[in-house]
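Some notes on the structure that comes next.
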Amino acid sequence: MKIIILPNKKICKYGKILKFNKSYKESLCDFLITNNVNIDNNCGGFGKCLSCSIFINEGFSFFEINLLKFNYILSCQLYNINSNIIISIFL
């Protein structure tokens, strides 16, 4: 599976493609940090600060509809990704 990160001037200047397997048990935020993507995580992954917000450009069909609002989600609250996704990271 792949996570495609679209270019961002401050976080990922040229974009990035990350590969992961289905058995990955950490949140998307932790996965991004482990793979040297400097996403903010001010609350430590408890979903309180909104600093790890991402926009899901493609591949959001597998998410529960109540987790998404206009394709935005907190990456610290996103687990069990089972398809390729394309994301934009916000500051």
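A quick note: this is a predicted structure, and the numbers were derived from the prediction, not measured. Only this structure's heavy atoms are used, side chains among them; waters, hydrogens and symmetry mates stay out.
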Smallest separation among heavy atoms of [X] and [Y], with atom names:
| X | Y | result |
| --- | --- | --- |
| C43 | K48 | SG-N, 3.5 Å |
| F46 | Q77 | C-NE2, 3.6 Å |
| L78 | I73 | CD1-CD1, 4.1 Å |
| I87 | N57 | C-OD1, 3.3 Å |
| K13 | P7 | O-CB, 3.5 Å |

Side chains of I56 and E58: does their closest heavy-atom pair fall under 4.5 Å?
no
Verify, without hydrogens or angle tests, whether [X] (side chain) and [Y] (backbone) share a donor-acceptor contact under 3.5 angstrom.
| X | Y | value |
| --- | --- | --- |
| N84 | K2 | yes |
| D30 | E26 | no |
| K16 | N35 | yes |

Roughly how far apart are I5 CD1 and I11 CD1, rounded to 0.5 Å?
9.0 Å
Please round to the nearest 0.5 Å and tell me the distance separating atom CG of L18 and atom CG of L32.
6.5 Å
C29: which residues meet the side chain to side chain contact (heavy atoms under 4.5 Å, CB included) condition with it, sequence neighbours left out?
S27, I33, I39, N41, C52, S75, C76
Looking at residues at least two apart in the chain, or sitting in another chain, which of them share a side chain to side chain contact (heavy atoms under 4.5 Å, CB included) with N42?
D40, C49, S51
Member of I54, I85, V37 meeting the side chain to side chain contact (heavy atoms under 4.5 Å, CB included) criterion with I3
I85
Output the rest of the hydrophobic cluster of I86: all Ile, Leu, Val, Met, Phe, Trp and Tyr residues reachable through side-chain heavy-atom contacts under 4.5 Å, sorted by chain and number.
I4, L6, I17
